Amino acid sequence: MTEHMGMNRTGLQMSPLDSQAMQQYAGPLPAPSTEADALALTRADYAAHAPALGSVPLPGSIKGAMLAAGAMLTGDRPEILLDKLAERLAFERGGTRLYDALLDKCQALDTTHTSITEAEIRRMRNDEAHHFLQIGQAIEELGGDPTCQTPSADLVGMETLGLVQVLSDPRTSISQALHAILTAELSDQAGWEALIALAEAQDQPELAQMGSIALAQERDHVQMISTWYRESLGLAGPGQVGAADRGTNIQSQGKEIQ
Ligand SMILES: [Fe+2]
């Protein structure tokens with residue numbers, strides 16, 4: 001574990017004299033107006049006049065154009081479904097990379113206080129990769145282009161930047177890495193729930209069914225990562241919490257630890 005007492009000097013308590021001088025210099029807090037108001041006005045002005053984050057392309061194939069036209073005639077908005085499919089595509093690709101990084105970290109650090117297993121990490125990683133392929137196929141079947149970066153795909157790419165940084169930072173602990181993965185998995189679960197609802201609303205039963213199977217797997221991921229996270233904090237011993245009973249600890253599979 002990397003959480004330990006050390007020479008952290010970031011808090012005011014570390015330097016009472018300097019902190020007192022700083023607070024005297026700062027004086028009483030200004031009335032909540034002027035600068036804060038100016039900033040709010042500037043933000044509002046930018047938000048009112050900024051272009052959108054991007055657009056969903058018109059389907060490039062004849063089949064796609066016909067499907068989109070048909071959907072629009074019935075009042076559906078196929079661009080929302082395509083945008084959210086592209087979002088899932090981007091997220092599942094990112095999730096695959098997060099699990100690759102988690103595997104590397106778990107092979108290097110001590111995980112004996114948890115029930116983490118290499119097999120379980122690989123299983124969840126492969127689930128994400130499989131979802132990625134399924135979504136790409138679904139986009140193509142709807143006449144869309146799975147290589148296109150739509151607004152929501154752009155959005156989740158930006159959102160997950162911090163998670164990737166946490167996983168790839170050599171200083172982060174197993175517990176910290178699991179916290180980042182848990183953040184991703186909770187978002188993943190909500191994303192699938194929204195996609196299934198959209199697929200049902202736009203009369204795409206096969207897509208909704210595929211999404212339901214994926215959602216069940218994502219819920220299992222949330223459970224598994226949550227269990228490992230609690231174990232990493234010492235809140236439970238290895239294997240004491242439900243789903244994590246499966247498999248063998250990663251260290252006992254011959255992965256030597258520091
Ligand atoms: Fe997942």
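Atom set for the values below is all heavy atoms of this structure, side chains included, hydrogens, waters and symmetry mates excluded. Computed from a prediction, not measured in an experiment: that's the story for all the values here.
Side chain of S19 to main chain of P16: a donor-acceptor pair is present (N/O by atom type, distance under 3.5 Å, no hydrogens or angles). Proximity of a side-chain donor or acceptor of S232 to a complementary backbone N or O of Y229 within less than 3.5 Å is detected. The backbone N or O of A197 lies less than 3.5 Å from no partner atom in the side chain of E200, so there is not a single donor-acceptor pair. Side chain of T183 to main chain of H179: a donor-acceptor pair is present (N/O by atom type, distance under 3.5 Å, no hydrogens or angles). Remark: the backbone N or O of L155 is not paired with any side-chain donor or acceptor of S152 at under 3.5 angstrom. Side-chain atoms of K105 come within 3.5 Å of backbone atoms of T172 as a donor-acceptor pair (strictly under, hydrogens ignored).
With 3.5 Å as the limit, one finds a donor-acceptor pair spanning the side chains of E231 and S115. For the residue pair W192 / E92, a side-chain donor-acceptor distance below 3.5 Å is found, with atom types taken as modelled. Side-chain N/O atoms of H221 and E128 include a donor and acceptor closer than 3.5 Å. Residues H130 and N126 have side chains that never bring a donor and an acceptor to within less than 3.5 angstrom of each other. Side-chain contact, H131 with Q134: no donor N or O sits under 3.5 Å from an acceptor N or O.
Taken to the nearest 0.5 Å, the CG atom of D220 stands 7.5 Å off from the CG atom of D127. Taking CG of L233 as the start and CG of L235 as the end, the distance is 5.0 Å to the nearest 0.5 Å. E218 CD to S187 OG: the interatomic distance, rounded to the nearest 0.5 Å, is 10.0 Å. To the nearest 0.5 Å, the span separating CG on L12 from CE on M14 amounts to 11.5 Å. Atom CG of residue L85 and atom CD of residue E140 lie 12.0 Å apart, to the nearest 0.5 angstrom. Atom CD1 of I196 sits about 14.0 Å away from atom CD of Q204, to the nearest 0.5 Å.
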Open item on the list: Show, in sequence, the C-alpha distance, side-chain angles and deciding distance for L82 and D145, and conclude whether the side-chain contact (heavy atoms from CB on, under 4.5 Å) test is met.
Closed with: CA-CA 9 Å; L82 283 169; D145 180 355; over 6 Å; no
TODO: Might you work through the side-chain contact (heavy atoms from CB on, under 4.5 Å) test for D188 and R88, ending with a clear yes or no?
DONE: CA-CA 8 Å; D188 208 5; R88 284 301 83 217; 2.4 Å; yes
Open item on the list: Between T96 and F91, is the side-chain contact (heavy atoms from CB on, under 4.5 Å) condition met? List the steps.
Closed with: CA-CA 9 Å; T96 305; F91 205 93; over 6 Å; no
TODO: Would you please test L178 and L102 for side-chain contact (heavy atoms from CB on, under 4.5 Å) and show each step?
DONE: CA-CA 8 Å; L178 289 171; L102 179 65; 4.2 Å; yes
Open item on the list: Between K84 and E79, does the salt bridge (Lys or Arg N to Asp or Glu O under 4.0 Å) criterion hold? Intermediate values first, please.
Closed with: CA-CA 9 Å; K84 288 297 169 185; E79 71 276 17; over 6 Å; no
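Within 6.0 Å of CD on Q209 lie no more than 12 heavy atoms contributed by other residues, nucleotides or ligands.
Annotation: side chain of L207 is in contact with side chain of L81 (closest heavy-atom distance under 4.5 Å). You'll find the side chain of L198 reaches within 4.5 Å of the side chain of Q202, heavy atoms only. Within the 4.5 Å cutoff, no side-chain heavy atoms of T150 are placed close to those of E87. Residues R97 and V164 form no side-chain contact, since every pair of their non-hydrogen atoms from C-beta on lies 4.5 Å or further apart. Put simply, the side chain of L142 does not reach to within 4.5 Å of the side chain of P78, judged on heavy atoms.
Among all heavy-atom pairs drawn from A138 and M210, the shortest one is CB-CE, 4.3 Å. Across all non-hydrogen atoms, the minimal contact from W228 to T114 is O-CG2, 4.2 Å. Closest heavy-atom contact between T111 and I116: CG2-CD1, 4.3 Å. The shortest non-hydrogen separation linking P151 to L53 is O-CD2, 3.7 Å. The two residues L186 and V222 come nearest to each other via the heavy atoms CD2-CG1, 3.8 Å. Contact between R123 and M224 at its shortest, heavy atoms only, is NH2-CE, 3.9 Å.
I80 and L195 fall within the same hydrophobic cluster, defined by Ile, Leu, Val, Met, Phe, Trp and Tyr side-chain heavy atoms under 4.5 Å apart, directly or through other members. Under a hydrophobic clustering in which Ile, Leu, Val, Met, Phe, Trp and Tyr are joined whenever their side-chain heavy atoms come within less than 4.5 Å, directly or via other members, V156 and I139 fall into different clusters. Under the 4.5 Å side-chain contact rule for hydrophobic residues, L133 and I135 share a cluster.
Taking the ring axis of Y46 as reference, the NZ or CZ atom of R43 does not stay both within 45° of it and closer than 6.0 Å to the ring centre.
Other cluster members for L17: none, since no ILVMFWY side-chain heavy atom sits under 4.5 Å from it.
By the 4.0 Å N-to-carboxylate-O rule, R125 lies too far from E120 to be salt-bridged with it.
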